[in-house]
Number of protein chains: 2
Amino acid sequence: MPPIKVKMLETEGGAGATKAARTKRPRPQTRIQREKQEVILEAALDVFSREGFRGATIDQIAEAAGMSKPNLLYYFPRKEEIYKRLMTEMLDIWLAPLREIDSVGDPVSELRSYIRRKIEMSRDYPRQSRLFANEMLQGGPRVVDVLETDLKTLVDDKAQIMLGWMETGKIVRTDPYHLIFSIWATTQHYADFDVQVRAVLGKDRGGEGRFEDAARFLENLFLYGLLPK
Amino acid sequence: MPPIKVKMLETEGGAGATKAARTKRPRPQTRIQREKQEVILEAALDVFSREGFRGATIDQIAEAAGMSKPNLLYYFPRKEEIYKRLMTEMLDIWLAPLREIDSVGDPVSELRSYIRRKIEMSRDYPRQSRLFANEMLQGGPRVVDVLETDLKTLVDDKAQIMLGWMETGKIVRTDPYHLIFSIWATTQHYADFDVQVRAVLGKDRGGEGRFEDAARFLENLFLYGLLPK
DNA sequence: CAGAAATTTGACCAGTTGGAAAAAACGCTA
DNA sequence: TAGCGTTTTTTCCAACTGGTCAAATTTCTG
C-alpha cells in the first residue's frame, strides 16, 4: 500500500513548494498568491471553455493572464491542476440551483424559479456552462464518477420530490428525469449555443433582452405547453 | 478582381494533385480515393466531435482510419480541409429536419414530427451533433457566416409559418424563435450530453429506450405543459 | 535596511504537431 | 508484361507543446 497521498494537495498552502514548505507545516497563502491564482483561473476559464482541455495550451492561458508560462507554472505546476480546480468550482455553481429545489414549496413556483435561476446562470456564468458542455462532449473523462454518484443521487432525490408533486395533482404526471433534462437543456442552450442564438435572433433581438425573453417563453412552455386550453 | 477561385476545389477530382492533374482537366476519382476518403471522414468525425478542431490531431485521425499520417495527408492535404468537409456534411444533416417543416400540414402534427425527427437525429447521428456543439462552444469561427445567412433565413421562414399557425389558433401565441431554440436544445441534449444522461438514468433506464422515452416526454411537454387542465 | 522567502525570468529540453519531399511499391491498362 | 499514374512509406523539418531549472529580481519581515 502506498504512503499517504499528498499529491492532490501540492497546490495548497503555497504555490512554489520549497523543500521547507513540503516538510514543515504549510505556510499560509500570500496576497500575491491569492491574486495571481485568481487571475490565472479567470484566464484559464476563458481558454478552457472555448477550446476544451486538449485544445487549450498553457501559453494561451499565460498570455491571457498576462504572465509568462514558467511564472504561471509556478502557481499551478500542471495544466491538469488548473482544469481540475475549474471543474470543481464549476460543478458547485452548476449544481446550486438544483440543490435549492425544495419539496415544501409550491410545485409551480418551485419549477418556475428553478427555470429562472438556470437562465440567470446562463446569462451570468456562460463560460462555466461551456466548460461543462465541453467536458461532456469529450465524454466527461474527468467527471463521470461525480455524475454517476453525487449528481445521480441529487437528481434521484429531486425526481422523488417531483413525483410527490405529481401525486398531489399540482402538476401533471410525467417523467421527472426527462423533465429535469429538458430544463437543463433549454436553459443552458442560451450559454452554450450563444453564437447561434444571436445569429438567428439578429442584431435587433439578440441583445441582453434575449435572456428575459427566454425566461418568459420557457415558463409558459413548461407550464402551459403549446395547445390552447 | 482576382482570377477564378479554384482553391476550395483542390481536393476535388483526385487527391494527390500531380502537375498533370492540375493543368489538365481533373481525372475522375478512383475507387480507392472514394473509399479511403470515406474512411478518413468517418475517423475524423469520431475525433473532431470529441476533441474539437484544435484538440484533434492528424495522428489520432490517421490511426483511427488505420493509415499513416502522410498517407492521410495524401487524400486531404490539410487538417482544416477534413474539418470543413465534415462541417458542410453535418450542416446538411442538421438542417434537414427543419427544412421539412411544412406550412400546409397540421401544426400539431408538424411540430410533433419535427421533435421526433430531431430526437432520431440525436440517436442516429450523435457525432454530427457533437461536432456542431463543439464548433458552437468555440464561437463557431468556421460557420458564423452560414448561421447569420442561410440558417437565419431558414429560421425566419419557419418562424413565419409558426406565426401563421398561431393566427389560426391551432397553437398558442408565443415566440416562435425561442420555440425553435427549445426544440433544438431538448433534442440535441440527448446526443451532446449523452454521458450525463446515461449517468443520471443509471444502468437500468439508460439503455436505447431513453430516446423513445425522451420523444414521448417531449411531445407531451411541448403540447400540454405541466399544469393539469 | 539586511536577510530570507517569495516571485519572476530566461534558457532549455524532450516529445508532439502539422506538413513537405522524395523514393518506393502498387495496380491498372495498353 | 511494360509502363505510367496512383498510392504508400520513409525521412525529415520547423514550430509548438508541457514542463524543468537555476539565476535574477522583488517583496516581506524583523
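Both backbone and side-chain heavy atoms feed into the values below; hydrogens, waters and symmetry mates do not. The sequence lines fix the lettering, A, B, ..., with proteins before strands; numbering per chain opens at 1.
Across the protein-nucleic acid pair, A:Ile61 atom CD1 and D:dC16 atom P stand 17 Å apart, rounded to whole Å. The separation between B:Leu72 atom CG and C:dG18 atom C1' is 11 Å, rounded to whole Å. Rounded to a whole Å, the CD atom of B:Glu81 is 13 Å from the C1' atom of C:dG19. In this structure, NZ of B:Lys36 is placed 13 Å from P of C:dC26, rounded to the nearest angstrom.
Taking side-chain N and O atoms only, A:Tyr74 has a distance below 4.0 Å to OP1 or OP2 of C:dT7. In this model, the phosphate group of D:dT7 is not approached by any side-chain N or O of B:Asn71 to a distance below 4.0 Å at OP1 or OP2. Considering only side-chain N and O atoms, A:Ser68 lies under 4.0 angstrom from the phosphate OP1 or OP2 of C:dT9. Distances shown here put every side-chain N or O of A:Gln33 at or beyond 4.0 Å from the OP1 or OP2 atom of C:dA6.
The heavy-atom pair separating B:Met162 from B:Pro176 by the smallest distance is CB-CB, 4.0 Å.
Every residue two or more places apart in sequence or in another chain that forms a side-chain hydrogen bond (donor to acceptor under 3.5 Å, both in side chains) with A:Asp175 is listed here: B:Arg205. For A:Asp145, the side-chain hydrogen bond (donor to acceptor under 3.5 Å, both in side chains) criterion is met by no residue, not counting sequence neighbours. In this structure A:His178 satisfies the ring pair (Phe, Tyr, Trp, His ring centres under 6.0 Å) test together with A:Phe181, B:Tyr190, sequence neighbours excluded. Listed by chain and number, the residues in a ring pair (Phe, Tyr, Trp, His ring centres under 6.0 Å) with B:Tyr83 are B:Phe48, B:Phe53 (sequence neighbours excluded).
Pairs of residues two or more places apart, or lying in two chains, that qualify as ring pair (Phe, Tyr, Trp, His ring centres under 6.0 Å) and include a residue from residues 123-147 of chain A are A:Trp94-A:Phe132.
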> Using a cut-off of 4.0 Å between protein heavy atoms and nucleotide atoms, how would you tag nucleotides 17-30 of chain D 5' to 3' with B, S and -?
Replying inline: SBBB-------S--
